[in-house]
Amino acid sequence: MPKPIVAVVGRPNVGKSTLFNRIVGQRLAIVDDQPGTTRDRLYADADWNGVEFTLVDTGGLDFIESAAEAARQSSAAQAYNPRPIHQQVIRQAQLAIREADVIIFLVSTTDGVTAGDLDVAEQLRRSNKPVILAANKADNLKREQNAVEFYDLGLGEPSVISAFHGNGVGDLLDKTVERFPAQPETAESDELKIAIIGKPNVGKSSLLNALIGQERAIVSEIPGTTRDIVDTPMMWDHRPIRLIDTAGIRRRGHIAHGEVEQYSVLRALRAIQRADVVLLIIDGVEGVSAQDEHVASYIVEEGKGAVIVVNKWDLVDKETDTMAIYEAQVRKALDFIAYAPVVFVSAKTRQRVGSVMEAASRVHQSQSQRVPTPELNQLVRDAVSQHAPASKRGKRLRFSYATQPGVNPPSFVFFVNDAELVHFSYKRYLQNLIRERWGFEGAPIRMTFRDKNESA
């Protein structure tokens, strides 16, 4: 299931980025005393007491300055930049609110209740989303006592915190997790969920239309036409399929301020989390780009099965062995996901479109495969016999037992005498042997090494 989304919102300079960094455990957001430093939304995975969620940092909601900024602009300036920067920031924050499951509304005890806080509170009440009020910068007793005035915002009891020092953040997260929507009890289903992912304008919606044989998704030459996730049920080979079309993902540095594509990225990540198999669409004319590598990394991080789809193949000049040469180039560029099958299609002409579903079906079957424990342990014994691990500090790695505790993705646990002796090259060696023996086409393999006294 997709992770719940928590958005941190509030006026500029109330400590949103500091709280964001505190919760995710690293400095991902820029922190500066200058109001308005955070303009784009930033998101990262976090967890609290084993409950995982996606945390979203936002730019400051300053409706007063936004109105003033719009009034200051001349008509000529408006023609050049029709959306002032404060309006862009507000747009991004509003999109985060729209997508969030829970909202943390941050205010500052050093400022007290301001007109800006009242404006934000009114916006949040209209959202009909769970809102947790957090009074930040309560670094001493006086500021803690000042937090009572935030009852005037009409959003209940404020959680008193100091994001900088970490005081009260645990209690705030307890409240946040309690407000997460209940995960539905879903029965086992044969429905195969396939997400269509890629950078803008590579033909994702055209491929969706070709797969289902009708114009279900809007198709345009303008990059970024698809903003929301589109779910389309269909049948293929007597099996129910759910196709999930998404907006194109760009690298963070390539997303302009105020563009709704940032919002689309968050939804695309959710689509990857929902999917069983992900189709990574590559522009056959352009080849693999840095953006494609970035998108592929999302798939690997989420542990999803993958198919690399080279689209617009009808536009590529071909000679002898063009397809084989191109596939080798794709695998080299995406070497970290080289286990994924590569198919060549033209969504426009519907050439080889059926191969996409065939590959996705194989990958789904592959990532659900289980290896018999005796066969796995025999492979490990043979591997060590043929290529013994190198010694480290005079100590050699020894294997006691191996098992596969999980699928989707296939996960293997190896019990050894000392897990610190496992070199990454030996992990790769074992993984290659597993793939040679059992395939696991398109499926990432998770490998864990534990000391033999640890439990699985």
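Just so it is clear, the values below take in all heavy atoms, side chains as well, and ignore hydrogens, waters and symmetry mates. None of the values given here were measured: they were computed from a predicted structure.
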| field | Distance, nearest 0.5 Å, that separates CZ of Phe336 from OG of Ser297 | value | 6.0 Å

| query | Side chains of Ser289 and Lys199: donor-acceptor distance under 3.5 Å anywhere? | reply | yes

| said: Let me confirm one number: the CZ-CG distance from Arg350 to Leu207, rounded to the nearest 0.5 Å. | reply: 10.5 Å

| query | Can you list the steps and then say if Tyr339 with Phe440 is a ring-ring contact (aromatic ring centres under 6.0 Å, His included)? | reply | CA-CA 8 Å; Tyr339 51 80; Phe440 290 109; over 10 Å; no

| request: Using the ring of Trp313 (Phe, Tyr or Trp, six-membered ring only), decide whether Lys348 places NZ or CZ under 6.0 Å from its centre and within 45 degrees of its axis. | output: no

| said: Could you work out, with side-chain hydrogen bond (donor to acceptor under 3.5 Å, both in side chains) as the rule, every residue matching Arg179, not counting sequence neighbours? | reply: none

| Under 6.0 Å between the ring centres of Phe53 and Phe180? | yes

| query | Hey, mind stepping through Thr349 and Asp314 against side chain to side chain donor-acceptor pair (under 3.5 Å) and telling me if it holds? | reply | CA-CA 8 Å; Thr349 66; Asp314 57 310; 5.0 Å; no

| task | May I ask you to establish whether Arg446 and Phe412 are in a cation-pi arrangement, using a distance under 6.0 Å from NZ or CZ to the six-membered ring centre and at most 45° from the ring axis? | result | no

| task | Step through the shown structure and confirm whether more than 12 heavy atoms of other residues, nucleotides or ligands are within 6.0 Å of CD on Gln365. | result | no

| field | Salt bridge present between Lys3 and Glu302 (N-O < 4.0 angstrom) | value | yes

| Intermediate values then yes/no, salt bridge (charged side-chain N to carboxylate O under 4.0 Å, His left out), Lys312 and Asp283 | CA-CA 6 Å; Lys312 306 183 184 179; Asp283 189 314; 2.9 Å; yes

| Does any pair with a residue in residues 412-434 pass salt bridge (Lys or Arg N to Asp or Glu O under 4.0 Å), and if so which ones, sequence neighbours excluded? | Lys395-Asp418

| task | Apply side-chain hydrogen bond (donor to acceptor under 3.5 Å, both in side chains) to Ser425 and list each qualifying residue two or more places apart in sequence or on a separate chain. | result | His423

